[in-house]
Amino acid sequence: MTDPRAPYVPPGTGWPDDPAAPDTPVAHGAGEVIELAAGAPDLGELCARQSVCRACDRLVEWREKVAVQRRRAFADEEYWGRPIAGWGDPEPRIMIVGLAPAAHGGNRTGRIFTGDRSGDWLFASLHRVGLASQATSVHAGDGQRLIGTRMAATVRCAPPDNKPTPVERTTCLPWLAREVEDVAGSVRCIVCLGGFAWQGVWPALKQAGYGVPRPRPKFGHGAEVELVPPPSVARRDPVLLLGCYHPSQQNTFTGRVTEDMLDAVFVRARDYG
């Protein structure tokens with residue numbers, strides 16, 4: 001491993017499930033994100049390129065600052081400090097999309113929704129309904145495995161105050177659009193965790209070739225929208241888009257989200273089609 005106080009883990013230095021290598025090409029601006037996402041030969045290389053992106057100066061500065069100036073509870077842990085690649089089944093039936101990794105969650109552990117309170121709720125629910133092999137997920141390489149399911153975020157870097165700017169969302173969009181396109185052949189249901197993920201997934205779906213309704217449907221917990229698959233997909237039956245309140249502490253502490261509510265969404269996703 002590397003210097004435990006480094007601002008990020010260099011690719012190919014031994015972090016569990018690191019998709020990148022030292023020679024993985026790095027995007028340094030929006031144009032290079034478009035070029036590298038489009039030119040990735042397969043899903044594995046796409047994820048490698050996602051995980052080393054440096055296109056947004058503000059996000060790079062923030063994620064690396066957090067990786068050095070750590071929360072006290074994690075002061076002795078090495079932080080990932082890089083963008084978070086998509087993770088899970090390479091041919092999923094279910095795609096889960098969130099907004100962005102948490103500063104001391106995914107930015108620390110190297111895996112989306114892993115190592116924070118939201119992820120505790122999410123993985124427990126996925127395990128209860130048979131979509132995850134373990135009820136907890138604390139770090140990359142901890143043995144957790146998603147079953148027929150994949151996770152990604154609309155923005156791959158932890159943003160200050162959990163609020164990426166519109167420009168940052170647009171810059172990151174090609175990574176998600178290409179990932180959605182690459183798994184379209186198997187996906188039957190897409191679950192959006194929170195209103196920001198709901199907003200962010202629509203342009204990705206359009207770029208990936210999905211037929212999307214106009215006007216854009218409103219977000220809500222349990223909201224359902226049928227999508228026309230991309231022309232490249234032989235199967236023509238609709239793909240289901242589901243809205244789900246985010247299992248943030250604000251929502252779980254107030255009872256806006258309960259275990260039963262989360263389980264119901266993922267049971268619907270599991271059983272669709």
Side-chain angles (χ1 to χ4, degrees), residues 84 86-89 92-109 111-140 142-156 158 162 176 179-180 183 186-202 204-205 217-227 238-273:
I84 307 301
W87 173 71
D89 195 324
R93 287 180 52 82
I94 299 168
M95 181 83 170
I96 300 172
V97 180
L99 171 61
H104 300 280
N107 190 56
R108 172 175 60 89
T109 65
R111 196 164 66 194
I112 188 68
F113 294 118
T114 295
D116 60 34
R117 295 295 179 85
S118 297
D120 291 345
W121 276 69
L122 177 61
F123 283 105
S125 179
L126 293 174
H127 183 256
R128 286 193 296 269
V129 304
L131 298 177
S133 63
Q134 299 176 180
T136 61
S137 182
V138 296
H139 208 286
D142 63 0
Q144 178 64 275
R145 180 175 60 88
L146 297 179
I147 301 168
T149 303
R150 187 171 186 83
M151 294 181 176
T154 59
V155 174
R156 303 302 170 119
N162 293 319
L176 179 62
E179 189 165 356
V180 169
V183 300
S186 61
V187 164
R188 303 297 302 119
C189 184
I190 300 169
V191 179
C192 294
L193 292 179
F196 286 112
W198 180 270
Q199 294 173 15
V201 81
W202 290 104
L205 291 168
K218 292 183 179 180
F219 171 74
H221 187 80
E224 297 192 3
V225 181
E226 290 189 342
L227 305 171
V239 171
L240 184 67
L241 181 71
L242 282 174
C244 180
Y245 287 156
H246 195 286
S248 64
Q249 286 185 278
Q250 180 180 359
N251 285 340
T252 57
F253 282 179
T254 61
R256 189 171 190 237
V257 171
T258 66
E259 290 182 352
D260 288 345
M261 290 171 66
L262 282 180
D263 291 358
V265 168
F266 290 117
V267 166
R268 175 66 169 139
R270 182 196 67 193
D271 294 347
Y272 180 76

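Every value quoted in this text rests on a predicted model; they were computed, and no experiment measured them.
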*Looking at Ala100 and Ile112, what are the two nearest heavy atoms and their distance?*
C-CD1, 4.4 Å
_Any donor-acceptor pair under 3.5 Å from Arg93 side chain to Tyr272 backbone_ = yes
*Do side-chain atoms of Arg270 reach the backbone of Val129 as a donor and acceptor pair under 3.5 angstrom?*
yes
*Could you tell me the separation between the CG atom of Asp120 and the OG1 atom of Thr136, rounded to the nearest 0.5 Å?*
8.0 Å
*Under 3.5 Å, side chain of Arg128 to main-chain N/O of Asp263, donor-acceptor pair present?*
no
*Considering all heavy atoms, the nearest Gly106-Ile84 contact*: O-CD1, 3.1 Å
*Looking at side-chain heavy atoms only, is the closest gap between Leu241 and Ile190 below 4.5 Å?*
yes
*Heavy-atom donor-acceptor pair, Trp202 side chain to Trp198 backbone, under 3.5 Å*: yes
_Thr154 and Phe196, any side-chain heavy atoms less than 4.5 Å apart_ = no
*asked:* Could you check whether any side-chain heavy atom of Ser133 comes within less than 4.5 Å of a side-chain heavy atom of His127, counting everything from C-beta outward?
replied: no
*Nearest heavy atoms of Pro92 and Thr149, plus distance in Å*: CB-C, 3.9 Å
*asked:* Strictly distance-based, threshold 3.5 Å: is any side-chain N or O of Ser118 a donor or acceptor partner for the main-chain N or O of Pro247?
replied: yes
*asked:* Treating Ser125 as the side-chain partner and Phe123 as the backbone partner, does any N or O pair qualify as donor plus acceptor under 3.5 Å?
replied: no
*asked:* Measuring from atom OG of Ser186 to atom CG of Asp89, what distance do you get when rounded to the nearest 0.5 angstrom?
replied: 7.0 Å
*Got a sec: does the CD of Gln250 have more than 12 other heavy atoms crowding it under 6.0 Å?*
no
*Under the 3.5 angstrom rule, does the side chain of Asn251 hit a backbone N or O of Val257 as a donor-acceptor pair?*
no
_Looking at every heavy atom in both Val138 and Thr114, which two are closest together, and how far apart are they?_
C-CG2, 3.4 Å
_Non-hydrogen side-chain atoms of Ile96 and Leu126 separated by less than 4.5 Å_ = yes
*Heavy-atom distance under 4.5 Å between the side chains of Phe113 and Leu193, does that happen here?*
yes
*Interatomic spacing from SG in Cys244 to CZ in Arg268 - rounded to 0.5 Å*: 14.0 Å
*How long is the gap from CZ on Arg111 to CD on Gln144, to the nearest 0.5 Å?*
6.0 Å
*At their closest point, which heavy atom of Leu176 faces which heavy atom of Ala152, and how far apart are they?*
CD1-CB, 4.1 Å
*Test His104 against Asp116 for side-chain contact (heavy atoms from CB on, under 4.5 Å), laying out the working first.*
CA-CA 7 Å; His104 300 280; Asp116 60 34; over 6 Å; no
*Can you find a pair of side-chain heavy atoms, one from Phe266 and one from Leu122, that are under 4.5 Å apart?*
yes
*So do the side chains of Val239 and Arg188 get within less than 4.5 Å of each other, counting heavy atoms only?*
yes
_When you compare the side chain of Arg150 with that of Val187, does any pair of heavy atoms fall below 4.5 Å?_
no
